[in-house]
Amino acid sequence: MQRYIVSSVTQAVLVLAGVLILVFFMVRATGDPARLMLAREAKPEQVEEFREKMGFNRPLIVQFGDFVFKAFTGDFGNSLHYRLPAFDLILERLPATVQLAVVALIMAVVIAIPLGLIGGASPGSPVDAVGRAIGLVGQTVPPFWLALVLIIVFAVNLRWFPTSGRDEWTSVVMPGLVLSLGTMGRLVRLTRSSVLEIMGDDYIRTARSKGLSDSVIFFKHALRNAAIPLITVIGVQFGYMLGGTVIIESVFAWPGLGRLVAESIGRRDFPLVQGIAFFASAVVILLTVLTDILYALVDPRIRYE
Amino acid sequence: MFARRKLWNIVSALVAAALVLAACAPAATPQVIKETEVVTVKETQIVKETQVVTITATPEPFKPQGKLTVGLTTDIAAIEVPYAPERQADNASKTMYDSLVFPTADGNYEPALAESWDVSADGKTYTFHLRKDVTFHNGEPFNADSVVYSWQVYSQPEVTYANNWTIAETVEKVDDYTVNISTAEPNALLLPYVAVGWAMIPPKAHAEMGVQAFAQSPIGTGPFMFKEWVKGDHLVVVANPNYWRQGYPKVAEIEFKFLTEAATRVAAVQTGEIDIAPRLTSDDAQTLLGAPGVQIIRYPVNRVYYLAFNNLTTGKDTPLEKPEVRQALAHAIDMDAIIKAIFSGYATRAVGFVGPSDLGFDGAEPVEYNVEKAKQLLADAGYPNGFEMDMACPDAGYPKINDVCQAISGYLNEVGVKNTLDLQEANAYWEREANKELPPLFVDSWSSTVPDSYGRLQGALGQGETYANWYDEKLVSLIEQVAVTVDTDKRAEVYREIQTYMRENPPFVYLYFPEAFEAVTTRVQDYKPRSAENYFLWDVSVSD
């Protein structure tokens, strides 16, 4: 078990370092932000002076060394546009993104898992039809389109929810639903197919032959085993959600990390892009490691291999 | 069995713990920057007492009323005017500041923080006489020291719009309420730059707070005072009770909401969540026609789109060097058709680099679309069979620019200028434009924040300028003449000369000035956006 965890964590650290190197050089591939940040009328001398002042005219490798050195001390530098520490800006946006991700995850789990379980236990039933429809819609409908339709129907026409922003609790409902739908679709299908598969397994037949009742078989044997693949999917999906979602946050004007990173890339706000990329990768990797560990705890076969 | 149950319990506990942790997180709201609390409890009580006395003694004084909500198209990155990186941030920031002079809608300048000003005989020194009754939002008096200090702070190279301030070579205090602002050469742009860019800040507070803290909760003399800025979400400013313009501002509070998507702004203005939805396309505007409580406003924008030529690098020694060829390309493009098809007719044909609202605009006839004439001119220049040349555009860099570029590319092909259109990622494109690496034909646009085209003329055609890709000695000297001619009538004369010259020796094909669409709720009165997509909200009111 220990070896398993150590290898997971080592891999995670390597991936994180790789992400940082990649992001550092990628954001610089199209040039520096000096011209973007100054007025179009600024003279070439003024642009040069600005570069000098911000350190953009140093060799890339020197800038990288500087960045790595500071990153080790937890300093991601100041955002060029906001002129504030990048990390503070990330922390400021985090609650909005976490709130949206948690709401979306809860919606997905609460709706998808019961539908998947019932669908798997009684394939062809009306509930199964609903579940399969959600599975299809969730994975095929573009979030951007769905978001606009929801806004027009529920905000503009019915006035049940605000169109956008993050004010009262009702403002999280629509973005949460749109964000959850993809995961919801995946979970319904996965739950359903796991249950279907397990119900045909030998140990279920054994349980039946022991004379156990259907409900005992379903809740004590099938359910627990069906949960194993779900943990992986939920963990990974939650990680992606926590990285922020550009489209949904933009349409609903949700002040989260996704919009921040999209805007920062456009502005070549290097320190902020690096900070967010680091943070988002760290979260995804952390959740993946946690999922690995959980998985091993739930399924002994993995530990012993 | 027991072991498995234990395991299951651990799993459940972990999942529960993770959910609890995650659920706890959103309870912490984003860090909200609040105005500095300067009033002590005791003083507040005193203020209350005097208020009671005033109410009983005199009729109730004018009070700002209601709340105005403005949807901005981007999350603003700075709320200090000289750092405001784009128009939206600039508009929002300007509610908190004043400059020495105020730009009127018709292109003149009227007194603001300066009551009057004189220009020295050599045209290099402006002497501003300041108002004596102005205080900053924190109570600090506004005087000559504030002007000198503001200039010292914002003329530094790291400031985004330092170029608005470095136009002045020296800023000197004469006495407490008089300052001299001098330029190296007589410079007609001083007043416009001061008007749009010189936001005045309080020296003491700025020095005490430091650059970073001041940027988060700035202090000016403006009609509104900073209240709250939640990044990525909204900015709130409240009426300045001691504003020097008597009887203003009219609204008690303005909230700027950052709504990146046009569709979101369209929805939000219909529900009344916002009162002003700027930067809509004509299609968005169409969908809002007839929506209850919403009016659509439309106005020309001072931004010229142009097909540029290069004679410095990639276009050197190509057919473009001949004026007939450049004239031919102008005749080859059916701009009216483009405007009709792509902008539903909502754009104005450009006849030059000087815009309809700019000083000295001569209102010449647009170049006629005439394929035969274009071919004739090409033949006269020695290219009866046309030629091959590359063309580039900033991919989605401007509204509908890809469609416009495809149309232009097609029209040029029709007269024998064989080209393939290269749509390049916009930021990389502009980088190449500055490095003069774009193909000899490329499309771009240039706006102006003042009703004067000097900035874009100099920027696009001046010698050694960042974005200049064309050099014409005569034009360079004409543009220099504009800069040093301080007299308005004489400058207008030079502008007319420039326009004539730029039609005979066109450095660009002039395409169009776009039109802006905004949706405004009917409760808003006196909202008057200007051609630079800027506005001042101190005289705007709302009815409920």
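Numbers restart at 1 for each chain; the letters A, B, ... are given by sequence-line order, proteins then strands. Side chains are part of it too, since the values below use all heavy atoms of this structure and drop only hydrogens, waters and symmetry mates.
Interface remark: A:Leu148 contributes side-chain atoms only to the contact with chain B (heavy atom separation under 4.5 Å). At a 4.5 Å heavy-atom cutoff, the contact between A:Asn78 and chain B is made by side-chain atoms alone. Contacts of A:Val47 with chain B are made by side-chain atoms alone, with heavy-atom separations under 4.5 Å and no backbone atom involved. Interface remark: B:Tyr161 contributes side-chain atoms only to the contact with chain A (heavy atom separation under 4.5 Å). Proximity to chain B is limited to the side chain of A:Arg259, based on heavy atoms less than 4.5 angstrom apart. In this structure, no portion of A:Asp269 lies under 4.5 Å from any heavy atom of chain B. Proximity to chain B is absent for every atom of A:Leu290, based on heavy atoms less than 4.5 angstrom apart. Contacts of B:Val159 with chain A are made by backbone atoms alone, with heavy-atom separations under 4.5 Å and no side-chain atom involved.
Using a cut-off of 4.0 Å between Lys/Arg side-chain N and Asp/Glu carboxylate O, A:Arg35 and B:Glu433 are scored as not salt-bridged. Using a 4.0 Å cut-off between charged nitrogen and carboxylate oxygen, A:Arg40 and B:Asp444 count as a salt-bridge pair. By the 4.0 Å N-to-carboxylate-O rule, B:Asp75 lies close enough to A:Arg93 to be salt-bridged with it.
Distance CH2/B:Trp229 to OH/A:Tyr82: 7.0 Å, rounded to 0.5 Å. Separation of atoms CZ (A:Phe144) and CD (B:Glu261) is listed at 4.5 Å; rounding is to 0.5 Å. Atom OG1 of B:Thr466 and atom CD of A:Glu45 lie 7.5 Å apart (nearest 0.5 Å).
Residues of residues 80-90 of chain B lying under 4.5 angstrom from chain A, judged on non-hydrogen atoms, are B:Glu80, B:Tyr83, B:Pro85 by number.
Between chain A and the residues B:Gly462, B:Gly459, B:Ala268, B:Ala460, the largest count of heavy-atom pairs under 4.5 Å involves B:Ala268. Here A:Lys53 is the residue among A:Glu52, A:Lys53, A:Glu249 with the most heavy-atom pairs under 4.5 Å with chain B. For the set B:Ile274, B:Thr271, B:Asn163, the count of heavy-atom pairs under 4.5 angstrom toward chain A peaks at B:Thr271. Ranking B:His234, B:Lys257, B:Glu158, B:Gln270 against chain A, the residue ahead of the rest is B:Glu158, based on heavy-atom pairs under 4.5 Å. Interface check for chain B: of the options A:Arg267, A:Arg159, A:Glu49, the most heavy-atom pairs under 4.5 Å are formed by A:Arg159.
A pairwise comparison of heavy atoms in B:Asp233 and A:Ala253 identifies OD1-O, 4.0 Å as the closest pair. Heavy-atom minimum distance, A:Leu38 versus B:Pro157: CD2-O, 4.5 Å. Between A:Pro255 and B:Gly232, the shortest heavy-atom contact is CB-O, 3.4 Å.
Taking the side chain as every heavy atom from C-beta outward, B:Thr260 and A:Glu263 approach each other to under 4.5 Å. Within the 4.5 Å cutoff, no side-chain heavy atoms of A:Glu41 are placed close to those of B:Tyr467.
Residue pairs meeting the salt bridge (charged side-chain N to carboxylate O under 4.0 Å, His left out) criterion with at least one partner in residues 452-469 of chain B, sequence neighbours excluded, are A:Lys43-B:Glu465, B:Asp358-B:Arg456, B:Asp452-B:Arg491.
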What do the steps show when you test A:Arg83 against B:Gln216 for side chain to side chain contact (heavy atoms under 4.5 Å, CB included), and what is the final call?
CA-CA 9 Å; A:Arg83 296 177 291 141; B:Gln216 303 311 311; 5.8 Å; no

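The 12-atom threshold is exceeded at CZ of B:Phe214, counting heavy atoms of other residues, nucleotides or ligands nearer than 6.0 Å.
Under the 3.5 Å distance criterion, the side-chain polar atoms of B:Thr264 are left unmatched by any main-chain donor or acceptor of A:Phe252.
For A:Thr163 and B:Glu273, the side-chain atoms include at least one donor-acceptor pair closer than 3.5 Å. A donor-acceptor contact closer than 3.5 angstrom links the side chains of B:Thr166 and A:Gln46.
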